[in-house]
J.: 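Dropping a structure here in structure tokens format, bear with me for questions.
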Amino acid sequence: MNCGGGSPRDYAAAVLGHRPLGDGSGLLAVRCGEIASSAEPGQFVLIRPGTGNDPFLGRPLAVVDAAGDVFKMIYRVVGRGTALLAAKRQGDPVTVRGPIGRGFFSARGEKPLPRKVILAGGSVGAAPLLFAARRLGMSRIERTVMGVAGKGWEGFAEWLKEAFPGVDLYSDDGTAGTKGTVLSGLPDTLPGDTELWACGPQGMLRAIAAKYPRDGGRILAALESRMACGMGGCLGCVIPTVSGNRRVCVDGPVFTAEEVKWNELSSC
Amino acid sequence: MNCGGGSPRDYAAAVLGHRPLGDGSGLLAVRCGEIASSAEPGQFVLIRPGTGNDPFLGRPLAVVDAAGDVFKMIYRVVGRGTALLAAKRQGDPVTVRGPIGRGFFSARGEKPLPRKVILAGGSVGAAPLLFAARRLGMSRIERTVMGVAGKGWEGFAEWLKEAFPGVDLYSDDGTAGTKGTVLSGLPDTLPGDTELWACGPQGMLRAIAAKYPRDGGRILAALESRMACGMGGCLGCVIPTVSGNRRVCVDGPVFTAEEVKWNELSSC
Amino acid sequence: MNSLRADLSIAVGGLNLETPLVIASGVWPYDPALWSPERLEGVGALCTKAVSLQPREGNRGVRVWETPCGMLNSIGLQNSGVRGFLKNALAVVRNSGRPFLVNIVMESAQEVRENLALLRDAPEGIEAVELNISCPNADCDGMAWGISPESAARAVAIARSEWKGPLWVKLTPQAPDLPAVAKAAESEGADALVCGNTWLGMAMDLKGKRPAFQRVTAGLSGPAVFPLALRTVWQVCGAVSIPVVGCGGVSRWEDAAAMILAGASAVEVGSALFTDFDLPRKITEGLAGYLAEEGLADLAGLVGLGRK
Amino acid sequence: MNSLRADLSIAVGGLNLETPLVIASGVWPYDPALWSPERLEGVGALCTKAVSLQPREGNRGVRVWETPCGMLNSIGLQNSGVRGFLKNALAVVRNSGRPFLVNIVMESAQEVRENLALLRDAPEGIEAVELNISCPNADCDGMAWGISPESAARAVAIARSEWKGPLWVKLTPQAPDLPAVAKAAESEGADALVCGNTWLGMAMDLKGKRPAFQRVTAGLSGPAVFPLALRTVWQVCGAVSIPVVGCGGVSRWEDAAAMILAGASAVEVGSALFTDFDLPRKITEGLAGYLAEEGLADLAGLVGLGRK
Ligand SMILES: Cc1cc2nc3c(=O)[nH]c(=O)nc-3n(C[C@H](O)[C@H](O)[C@H](O)COP(=O)(O)OP(=O)(O)OC[C@H]3O[C@@H](n4cnc5c(N)ncnc54)[C@H](O)[C@@H]3O)c2cc1C
Ligand SMILES: Cc1cc2nc3c(=O)[nH]c(=O)nc-3n(C[C@H](O)[C@H](O)[C@H](O)COP(=O)(O)OP(=O)(O)OC[C@H]3O[C@@H](n4cnc5c(N)ncnc54)[C@H](O)[C@@H]3O)c2cc1C
Ligand SMILES: Cc1cc2nc3c(=O)[nH]c(=O)nc-3n(C[C@H](O)[C@H](O)[C@H](O)COP(=O)(O)O)c2cc1C
Ligand SMILES: Cc1cc2nc3c(=O)[nH]c(=O)nc-3n(C[C@H](O)[C@H](O)[C@H](O)COP(=O)(O)O)c2cc1C
Ligand code: FES
Ligand code: FES
């Protein structure tokens, strides 16, 4: 039993495996039974990328999969923290705080599961949807639509095809899958008893919310925000919602589209 | 040719091997041809122990041996930098600045080599004397006297015996070798045409200098000091000498005992 | 463990702490799980997030930014107001079983009086207050009360007249003459001084080509500022005789020991908790080990020893 | 490479720099090998170690101390005096083929006059001076000249009357009102302002149970102070219209870009060179890449762009 309740803890763990996916992205497997056994899809960890206090803060990475005492993450190099992650080798020690946040299932509260779910992922935002798909079961997945930028994302696109058989893949320049964005792969109206679970860049999430203005309650979006503590303490990660500022780290990262004040969201 | 003259350079290198010697000390082999081929005994490197800027400064470690494109260092854990070194694994990247300083041979200027040399090392200070012994050749070594604190130094003492066959070993508590200090193993007077090359704690070096007050010119001592730049720029590492402040990093670390104002030396 | 606790106990400005490790204001959420004694091993006391008279939304835009060995924040005092605090948070806070301080932001004279009156009359009783005089305020010409000795004296006098219990005053390192401000706070009846708060810094958003924070400047905290904070602790301890609590960049037991040697009776830890929940335990164990090694019987014997 | 250089050239306070990267005072030795053009790739100009009228021994005891992402120093201006500089170091310095500034410590009015007179009359001619007004001096009641606008104005006026060539004035962040000091230096004829020097910090020696430095406080530098230095650059650039050179904690091209966006025309790099000789090249290449990405034709177009 986790006697601290749902609040995250810090674990000194070790890298069990590291599979580069090309173009500066990769899949990191970390052995940490406490996180692996309790994480739910949409939750994330703060992983500290270096030694000492520089870089100072942990980097938020979604849990992509968890089984036994191992959980996995996918990173894409965008700055110095992720560059350090890309250099991790098997056996390297890492400190992880987790599991953090309200995942896709928890965000729905007590409601029974929908009959069907459409998964929509943009770039590395696709990652946590793999975990969601596993837990939902194939029969419940109505459609899986993923988008990447294009050039420089070939390796990651290959992984997407492997992870989500039958995925509808789009890229801005047609390099991978069909030319287009995730939006082009989504139905014009959201069928009844179907939910849309989405994760990706803010622009994509906002566009999805705008596409189905009356169905915001059935759209679950996992958001990003700069974070310091990952435990709800610093109030650094808040976003504006209809019920005031909410913390992405512990009140999210999954919110329903109707909760979020999309127009007041600042870029992160 | 090293076109920068004798001044050190920075190298991105990799750990080739790491042999723990017990009690928090170990032997690190690093592949870096430029340093390996040009280092002389008594010289050292600044090795940066972590990622990012914390720890900020490089740690001075003596070159213990160099052959081909590989050089070796011995560390003993005393703080956070050396603790990070102790965690290095084969293949880990390390940044080293070197080779730095005036070694035993250079410190003698143009003088012909003495007929005999007595080597005196205290704790990890013994390390660079291995390199000196290799370059001097066995026939020139009159005597090798080494001292360790005692308990907690067993592993290092074993390495000393292996590295210096026939070493006169002392420890404060008799745990390794004979009970006593390096001083007990040194002759009452320094024979003619013999030099004493020493490296170790400041107290030991000062005691040696005091033991042979008239022979300071034949005693070469490798000193320690806190350092920032390792290139002579910051003036952070100076010690008082008869010719004013001298920088341990580039004017030393090897000085003749008669140069150093032993009584004005502050602990480091 | 019991014996370790006894060694580290210390009386600071009206509070008896089992350890000199205080959780700084603004970093610990009102999450019942995190205020459970099990998650607070090593903690001697806790400060709440700033409480203002009225609820505050806080700042828009980017609120936190990483820096080398530290971070900038521009949270802007988001909180649900003193009534919200009393109604929702107080019960959680009490659950720790440890002394706590309600961090009060020094607003206008009138607001802070009302705020303290509500705390004073809280049915369950609140033991101690930490007065934060580092935020700009209109009653003080838009400057922070803590910038000048005169305005700091006024601020403390106002709070003192409303609050008879333990009153810690949290200084700002932006004060040009910090020792003078410290003396002013002491003479107006502060029970202890917390030295200090965040350091004024800034970040630039290279993609947006504009300051990262909407208010341009933000507060720097974390290990980066430790050498600066230690210097202010040294200066302030030389200026006053009430207890001083060091705050700024503490992330290892060595930092706590250094501040205590410089004259602090305790330390607050903030940002470093973002990197390690277990720090209070590690720091107090490290301190206990240091005391033993140095042959000191209790923590009080370490206070100011580095000034002798 | 040539095209990169052209892009990054900038005129700053009477000097034409090929790149905006200046090596800060007190970090680069008079080692002929290190002043060779080959070892200075990316460097636009260099400052010498502080030169005083008479030789100085500097401070005793510990002189440098590592801190999180930074370091403290208490070197105490060790140097061989202006005559020693002219005799031994100047030839080495010239070897770089780059503009250089002789860093002059602001001593008593009389000393600094004599010092500048000797530099002015140097047979080989010296182009530029950087006046360091951050060290305590008796002529200034034991405070640094740079602490108050009045004394800073006096210091600059004295130097200006003796030195007609390019005069950069290096401010100290310890000034309570830095923009006012900056304005005072500008009005007395400074050609550029360097903002700033080290930040007052301290370290404790836990084994000795006393301050690590004999003079107790010491100057903090390195990446840790970058957010603080950037804030001062922003403030000073808002106060004056002469060029400003950012200094403090620059260790990556992003830092240089941030200071330039805040209004600096160039940056000085000090402590970070202790960790990487190759930084000037890396920083200038990074800046060139950033300019290209942002579609800017030259560095001048980046100066102050973050204020718009
Ligand atoms: C809940 C959540 C889940 C995420 N899951 C993933 C994932 O599975 N895979 C993945 O590749 N990325 C994910 N991200 C984004 C990832 O956290 C950033 O790419 C990463 O923090 C960048 O760090 P850096 O040091 O490389 O970049 P830098 O720009 O050097 O980082 C500087 C600071 O900014 C923060 N930062 C920068 N970009 C972001 C961002 N987009 N979101 C939040 N903080 C940021 C960093 O954490 C750090 O504190 C997620 C973000 C959030 C909030
Ligand atoms: C020329 C020279 C050669 C050396 N050779 C060796 C060697 O071969 N093997 C070995 O184990 N040690 C050697 N040392 C000592 C070694 O540099 C220190 O033990 C090490 O720097 C401690 O780093 P730390 O981070 O573990 O300790 P911390 O105390 O955490 O270090 C903090 C700071 O103090 C400095 N520092 C601490 N102790 C010393 C010291 N004794 N000398 C210089 N700086 C110090 C560190 O470099 C760092 O900047 C040598 C020192 C010098 C000057
Ligand atoms: C995210 C964050 C929020 C803070 N909020 C408050 C606050 O509400 N009131 C206050 O007095 N100090 C606040 N502080 C300042 C801290 O309590 C502390 O004084 C400062 O961060 C320096 O300590 P540190 O380096 O250990 O973090 C806050 C600091 C941070 C990082
Ligand atoms: C070891 C050392 C010596 C210094 N000596 C001088 C000096 O002689 N004159 C001066 O104006 N500044 C001196 N400085 C300050 C630097 O030039 C620079 O202003 C400061 O270190 C901040 O920049 P940084 O963070 O890039 O190091 C010195 C700094 C260091 C670290
Ligand atoms: S990251 Fe601190 S509250 Fe969310
Ligand atoms: S370490 Fe800088 S001069 Fe020696």
J.: Kindly check if the number of other-residue, nucleotide or ligand heavy atoms within 6.0 Å of NZ (D/Lys207) is above 12?
T.: no

J.: Measure across D/Val64 and B/Gly236 and return the closest heavy-atom pair with its distance rounded to 0.1 Å.
T.: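 Closest approach of D/Val64 to B/Gly236: CG1-CA, 3.7 Å.
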
J.: For D/Arg210, I'd like to know if atom CZ has over 12 heavy atoms of other residues, nucleotides or ligands within 6.0 Å.
T.: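 Not buried by this count: 12 neighbours or fewer within 6.0 Å.
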
J.: If I take atom CG from residue B/Leu235 and atom CG from residue D/Asn79, how far apart are they, to the nearest 0.5 angstrom?
T.: 9.0 Å

J.: Of the backbone (N, CA, C, O) and the side chain (C-beta and beyond), which part of D/Ala272 lies under 4.5 Å from a heavy atom of chain B, both, or neither?
T.: backbone

J.: For B/Ser266 and D/Gly61, work out which heavy atoms get closest and say how close.
T.: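 Nearest heavy atoms, B/Ser266 then D/Gly61: OG-CA, 3.5 Å.
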
J.: Does B/Lys72 have more than 12 heavy atoms from other residues, nucleotides or ligands lying within 6.0 Å of its NZ?
T.: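 It does not: B/Lys72 NZ has 12 such atoms or fewer within range.
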
J.: Any side-chain heavy atom of B/Val250 sitting closer than 4.5 Å to one from D/Pro29?
T.: no

J.: Could you tell me whether B/Arg89 atom CZ has more than 12 heavy atoms of other residues or ligands within 6.0 Å of it?
T.: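 Correct, the count exceeds 12.
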
J.: How far apart are the closest heavy atoms of D/Ser251 and B/Asn53, and which atoms are they?
T.: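 That closest heavy-atom pairing would be OG-ND2, 3.7 Å.
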
J.: Among all residues two or more places apart in sequence or in another chain, which pass the ring pair (Phe, Tyr, Trp, His ring centres under 6.0 Å) test with D/Trp199?
T.: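 Testing D/Trp199 for ring pair (Phe, Tyr, Trp, His ring centres under 6.0 Å), a comparison that skips the adjacent residues, returns none.
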
J.: Working to the nearest 0.5 angstrom, can you tell me the gap between B/Cys234 SG and D/Ile75 CD1?
T.: 5.5 Å

J.: Which atom pair, heavy atoms only, marks the closest approach of B/Asp10 to D/Thr275?
T.: OD2-O, 4.2 Å

J.: How long is the straight-line distance from CZ of D/Phe277 back to CZ of B/Arg9, given to the nearest 0.5 Å?
T.: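 Interatomic distance, B/Arg9 CZ to D/Phe277 CZ, rounded to 0.5 Å: 9.0 Å.
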
J.: Find the distance between CH2 (D/Trp28) and CE (B/Met231) and round it off to the nearest 0.5 Å.
T.: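 Reported to 0.5 Å precision, the distance equals 5.0 Å.
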
J.: Hey, are the side chains of D/Arg60 and B/Pro240 touching, using non-hydrogen atoms and a 4.5 Å cut-off?
T.: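 When only atoms from C-beta onward are counted, B/Pro240 and D/Arg60 do touch, with a gap below 4.5 Å.
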
J.: For D/Pro68 and B/Asp54, which heavy atoms make the closest approach, and how far apart are they?
T.: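 That closest heavy-atom pairing would be CA-OD1, 3.6 Å.
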
J.: Heavy-atom cut-off 4.5 Å, strictly under: side chain, backbone, both or neither for D/Asn73 against chain B?
T.: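 The answer is neither part of D/Asn73.
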
J.: May I ask you to decide if B/Phe56's main-chain N or O and D/Glu66's side chain share a donor-acceptor pair within less than 3.5 Å?
T.: yes

J.: Would you find a donor on one side and an acceptor on the other, under 3.5 Å apart, between the side chain of B/Arg97 and the backbone of D/Phe274?
T.: yes

J.: Look at the side chain of B/Asn245 and the backbone N and O of D/Glu57, then say whether any donor-acceptor pair between them is shorter than 3.5 Å.
T.: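 Checking the backbone N and O of D/Glu57 against the side chain of B/Asn245, a donor-acceptor pair under 3.5 Å is found.
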
